[in-house]
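Remarks on the structure that follows.
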2 protein chains.
Amino acid sequence: MIKVVIAEDQTLLRDALATLLGLERDIEVVGLAGNGREAHDVVRRKDPDLVLTDIEMPDMTGLELADLLRREESRTRVLIVTTFDRPGYLRRAMEAGVSGFILKDGPSADLAGAIRRVMAGERVVAPELAARAWDEADPLSDAERRLLRLAEAGLDSAAMAEASGLARGTVRNYLHSAISKLGTANRIEAARRARQKGWL
Amino acid sequence: MIKVVIAEDQTLLRDALATLLGLERDIEVVGLAGNGREAHDVVRRKDPDLVLTDIEMPDMTGLELADLLRREESRTRVLIVTTFDRPGYLRRAMEAGVSGFILKDGPSADLAGAIRRVMAGERVVAPELAARAWDEADPLSDAERRLLRLAEAGLDSAAMAEASGLARGTVRNYLHSAISKLGTANRIEAARRARQKGWL
DNA sequence: TGCCGCAGGTGACAGCTGTCATGCGTGAAG
DNA sequence: CTTCACGCATGACAGCTGTCACCTGCGGCA
């Protein structure tokens with residue numbers, strides 16, 4: 001019997017997945033969580049064989065959860081299921097030591113199979129992603145990333161300077177650098193592209 | 001037996017919902033679709049009692065689908081299920097004559113109940129939304145909306161002018177007007193706020 | 001010790017953005 | 001017919017953005 005915890009912020013999908021997996025003879029859903037932190041608690045309490053987790057969740061992302069479990073040397077394997085086929089996510093997931101990475105766009109029939117393959121020691125990656133994974137490395141520095149996130153929210157340079165403790169000029173230098181690395185015309189496009197690549 | 005078609009772009013959720021509803025004694029899932037246009041075709045072919053649809057889908061949104069079915073005087077009722085609790089969506093859905101509007105954050109147990117209540121002639125609205133629905137009217141003009149969408153994509157005023165066939169100055173006037181209506185500091189914040197309210 | 005690379009900063013400048021006053025048609029209301 | 005509102009446009013101006021050359025201090029490292 002494979003003991004599974006499901007972490008997913010959309011209640012409807014979470015419950016539906018639980019029902020779906022519950023129908024499998026060899027899988028038992030032992031816990032549910034609506035965000036990463038909750039998932040971490042549940043994993044500690046229930047000690048499941050595998051945690052099936054979304055990436056984008058409030059409080060703590062699935063990638064952070066995976067990283068945390070790896071650092072704690074938890075025996076629970078991590079299987080990421082996400083909407084977002086952003087190349088950067090897969091890379092970060094691999095670095096966080098996850099056992100599998102599949103997409104919400106894939107057929108649901110594959111899900112139980114993916115879980116079984118992970119438990120058999122295989123590393124499962126959605127085939128449409130495997131090829132694209134190492135396409136492009138994230139060229140951004142931490143400072144650039146942080147500022148792009150602020151730019152996305154509509155802050156101007158002065159506000160970003162205050163928010164990040166840098167000088168205005170430095171903020172503009174970092175943004176310039178990000179803009180030219182990403183080959184865009186302005187900070188907004190740069191932020192969009194970075195987010196779309198999963199670098200943000 | 002209530003005949004249902006499910007329109008949802010995430011395969012995993014679509015399949016999971018189909019499985020979930022298939023377990024109900026009085027509900028039969030007669031068709032699946034991954035976008036609005038496909039859903040429209042399937043509804044015409046299968047003539048279901050109800051179509052359960054997401055809003056944000058490629059090709060045609062759930063709101064457009066609802067509108068189309070209403071104009072065609074289809075007997076199929078529409079139940080919207082969406083992640084996005086943006087006030088503007090509910091209003092537009094009501095104007096499109098939908099029979100129900102519930103959230104993916106709601107418990108899955110309510111889903112079959114909502115379907116039955118819709119088929120009993122009730123109009124079902126997620127309780128957390130009902131109150132907020134008429135909070136704020138969309139203050140934007142069509143021109144403002146269109147330009148905010150372009151601003152979101154990172155175009156500058158000159159590019160928007162070209163894209164929309166307006167003069168640069170006029171573009172800036174519209175953006176100014178949108179910015180002041182929304183009480184933000186710049187076009188980026190304005191676009192964010194409008195999107196978050198469901199006005200975009 | 002001296003040199004290098006690197007994060008962070010300054011100042012200048014052209015071009016873009018946000019704001020505002022103002023003008024010009026056109027179509028609906030009086 | 002006049003008046004008025006409305007969509008669209010123009011021009012001016014302060015302030016912000018993107019670009020660039022160049023400076024400073026600090027931690028390696030030979």
Side-chain angles (χ1 to χ4, degrees), chain A residues 64 67 88 91-92 95 136-200, chain B residues 88 91-92 95 136-200:
Chain A
E64 288 163 346
D67 202 50
R91 168 185 312 235
R92 280 199 267 158
E95 282 164 8
E136 288 174 275
D138 179 352
L140 299 173
S141 72
D142 285 347
E144 289 158 2
R145 234 190 311 283
R146 194 152 31 91
L147 292 177
L148 284 181
R149 271 193 276 254
L150 296 176
E152 225 181 0
L155 302 209
D156 63 17
S157 301
M160 290 191 226
E162 188 155 5
S164 62
L166 296 174
R168 275 156 224 242
T170 306
V171 166
R172 291 182 18 235
N173 284 339
Y174 279 130
L175 288 174
H176 173 49
S177 156
I179 288 166
S180 66
K181 280 177 181 173
L182 299 175
T184 60
N186 56 49
R187 55 183 72 185
I188 304 308
E189 264 188 281
R192 276 177 73 84
R193 172 154 306 166
R195 177 154 301 281
Q196 175 218 320
K197 293 277 190 184
W199 295 334
L200 234 159
Chain B
R91 166 184 315 234
R92 279 199 269 158
E95 283 164 8
E136 286 174 276
D138 179 352
L140 299 174
S141 72
D142 285 346
E144 288 158 1
R145 233 190 310 283
R146 194 152 30 90
L147 292 177
L148 284 181
R149 271 194 275 255
L150 296 176
E152 227 182 358
L155 302 206
D156 64 17
S157 301
M160 290 191 226
E162 188 156 5
S164 61
L166 296 174
R168 275 155 223 245
T170 306
V171 166
R172 281 159 52 215
N173 284 339
Y174 278 130
L175 288 173
H176 173 49
S177 154
I179 288 166
S180 66
K181 280 176 182 174
L182 298 175
T184 60
N186 56 49
R187 56 183 71 185
I188 305 307
E189 264 189 280
R192 277 177 72 85
R193 171 154 305 166
R195 178 155 302 280
Q196 174 218 320
K197 293 277 190 185
W199 296 334
L200 234 160

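For the numbers below, each heavy atom of this structure counts, side chains included, while hydrogens, waters and symmetry mates do not. Sequence lines set the chain letters: A, B, ... in the order given, protein chains first and strands last, and positions in each chain run from 1.
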- [ ] Might you point out which heavy atoms bring B:Glu152 and B:Arg149 nearest each other, and give the distance in Å?
- [x] CB-O, 3.3 Å
TODO: Looking only at non-hydrogen atoms, find the nearest pair between B:Lys181 and B:Pro139 and report the distance.
DONE: NZ-O, 2.9 Å
Task: Smallest separation among heavy atoms of B:Ala185 and B:Ile179, with atom names - done: C-CG2, 4.3 Å
Task: Minimum heavy-atom distance B:Gly183-B:Arg193, with the two atoms named - done: O-NH1, 4.2 Å
TODO: Take atom CG of B:Leu155 and atom P of C:dC16, then tell me their distance rounded to the nearest Å.
DONE: 14 Å
Open item on the list: Measure CE/A:Met160 against C1'/C:dG9 and give the value in whole Å, please.
Closed with: 17 Å
Task: Short side-chain N/O contact to D:dA9 OP1/OP2 from B:Thr170, under 4.0 Å - done: yes
Just the table, please: protein N/O against nucleotides 18-21 of chain C N/O, every pair under 3.5 Å.
unit_1, atom_1, unit_2, atom_2, d
C:dG18, OP1, B:Arg187, N, 3.2
C:dG18, OP2, B:Arg187, NE, 2.6
C:dG18, OP2, B:Arg187, NH2, 2.4
C:dG18, N7, B:Arg172, NE, 3.2
C:dG18, N7, B:Arg172, NH2, 3.2
C:dG18, O6, B:Arg172, NH2, 2.0
C:dT19, OP2, B:His176, ND1, 2.7
C:dT19, O4, B:Arg172, NH2, 3.4
C:dC20, N4, B:Asn173, OD1, 3.1

TODO: Please report the closest heavy-atom contact between B:Met160 and B:Leu175, naming both atoms and the distance.
DONE: CE-CD1, 4.0 Å
Task: A:Leu150 CG to D:dC16 P, straight-line distance once rounded to whole Å - done: 17 Å
- [ ] Work out which heavy atom in A:Arg145 is nearest to a heavy atom in A:Asp142; give both atom names and the distance.
- [x] NH2-OD1, 2.7 Å
Task: Nucleotide of C:dG9, C:dG8, C:dT17 approaching A:Ala143 most closely (side-chain heavy atoms) - done: C:dG8
- [ ] Return the 5'-most residue of the pair B:Leu166, A:Arg168 with respect to DNA chain D, ranking by each residue's nearest nucleotide.
- [x] B:Leu166
